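Structure, as structure tokens:
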Amino acid sequence: MPSKIKPTVVKEFSFFEDVFDVVRQIPKGRVSTYGAIANYLGTKLSARMVGWAMNASHNAQMKVPAQRVVNRNGMLTGKAHFATPTLMEELLKKDGVEVKNDTVVDFKNIFWDPLIELQTSLPIP
DNA sequence: CGTGTGACCGGCG
DNA sequence: ACGCCGGCCACAC
């Protein structure tokens, strides 16, 4: 869980790490969106931050399946930031996700929402 | 410590 | 339907 603590030594877990954590939990064959992740982290109005965090995913020590994060339309907007322009699509296809015209096919169906899938506590049933 | 920027999103004309 | 514009927040310079 994200903590607002401000350690004096080093920032053990930053916003980036939180984002990476969520992205790593995206199951194979599913995709999520920047907005959904941002929403899960509490900053739903700042989906840009998530995307920006992904920009630093290259720097992350642990691999981050950034290919599973697309925009709300299911478009591979971040493919340009991969090593090659086709890498993102290739990785998704390896995951079993069909991509056509830079857009995830059946996106609505395989959409993975952390708010739902990682629901830690339900409001009152 | 001010400013710019970003792999976005939703609303409005 | 489509394009534009403002907002949001963390981080680098």
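Note that the structure is a prediction, hence the values are computed from the model and not measured. Below, chain A is the first sequence line, B the second, and so on; all start at residue 1.
In terms of the side chain to side chain donor-acceptor pair (under 3.5 Å) criterion, R72(A) has no residue partners (sequence neighbours excluded). A search for side chain to side chain contact (heavy atoms under 4.5 Å, CB included) contacts involving K28(A) returns R68(A), D95(A), not counting sequence neighbours. For L45(A), there are no side chain to side chain contact (heavy atoms under 4.5 Å, CB included) partners at least two apart in sequence or on another chain. Considering only residues two or more places apart in sequence or on other chains, K93(A) meets the salt bridge (charged side-chain N to carboxylate O under 4.0 Å, His left out) condition with E89(A).
Residues in residues 32-43 of chain A take part in no salt bridge (charged side-chain N to carboxylate O under 4.0 Å, His left out) pair, two or more places apart or across chains. The salt bridge (charged side-chain N to carboxylate O under 4.0 Å, His left out) analysis of residues 33-43 of chain A, with sequence neighbours excluded, yields no pairs. Legend: salt bridge (charged side-chain N to carboxylate O under 4.0 Å, His left out) pairs involving residues 34-48 of chain A, not counting sequence neighbours: none detected.
The only member of V69(A), I26(A), L92(A) that meets side-chain contact (heavy atoms from CB on, under 4.5 Å) when paired with V31(A) is L92(A).
When DNA chain B is scanned 5' to 3' for any atom under 4.0 Å from a heavy atom of chain A, the first and last hits are dG6(B) to dG10(B).
Taking atom CG of D18(A) as the reference point, atom C1' of dA10(C) lies 12 Å away to the nearest angstrom. Atom-to-atom, CG of N59(A) to C1' of dC11(C) comes out at 13 Å; the value is rounded to the nearest Å. Here the P atom of nucleotide dC8(C) and the CZ atom of F15(A) are 15 Å apart, to the nearest Å.
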Would you be so kind as to tabulate the donor-acceptor pairs closer than 3.5 Å made by side chains of residues 56-65 of chain A, with sequence neighbours excluded?
| residue | atom | partner | partner atom | Å |
| --- | --- | --- | --- | --- |
| S57(A) | OG | M54(A) | O | 2.5 |
| H58(A) | NE2 | H81(A) | O | 3.1 |

Distance-only donor-acceptor pairs under 3.5 Å for side chains of residues 103-118 of chain A, two or more places apart:
| residue | atom | partner | partner atom | Å |
| --- | --- | --- | --- | --- |
| T103(A) | OG1 | N101(A) | O | 3.2 |
| D113(A) | OD1 | L115(A) | N | 3.0 |

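Across all strands, A53(A) comes closer than 4.0 Å to no nucleic acid atom at all (heavy-atom distances). Among the atoms of the strands shown, only primed sugar atoms or phosphate atoms (P, OP1, OP2) are found under 4.0 Å from some heavy atom of N71(A).
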If you restrict it to nitrogen or oxygen atoms, what contacts under 3.5 Å exist between nucleotides 3-7 of chain C and the protein, and what is each distance?
none

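Remark: aromatic rings of F15(A) and W52(A) are distant, center separation not under 6.0 Å.
Listed in residue order, the members of residues 81-110 of chain A having a heavy atom less than 4.0 Å from DNA chain B are H81(A), F82(A).
Nearest-nucleotide assignment on DNA chain B puts the 5′-proximal partner with Y34(A), out of Y34(A) and R72(A).
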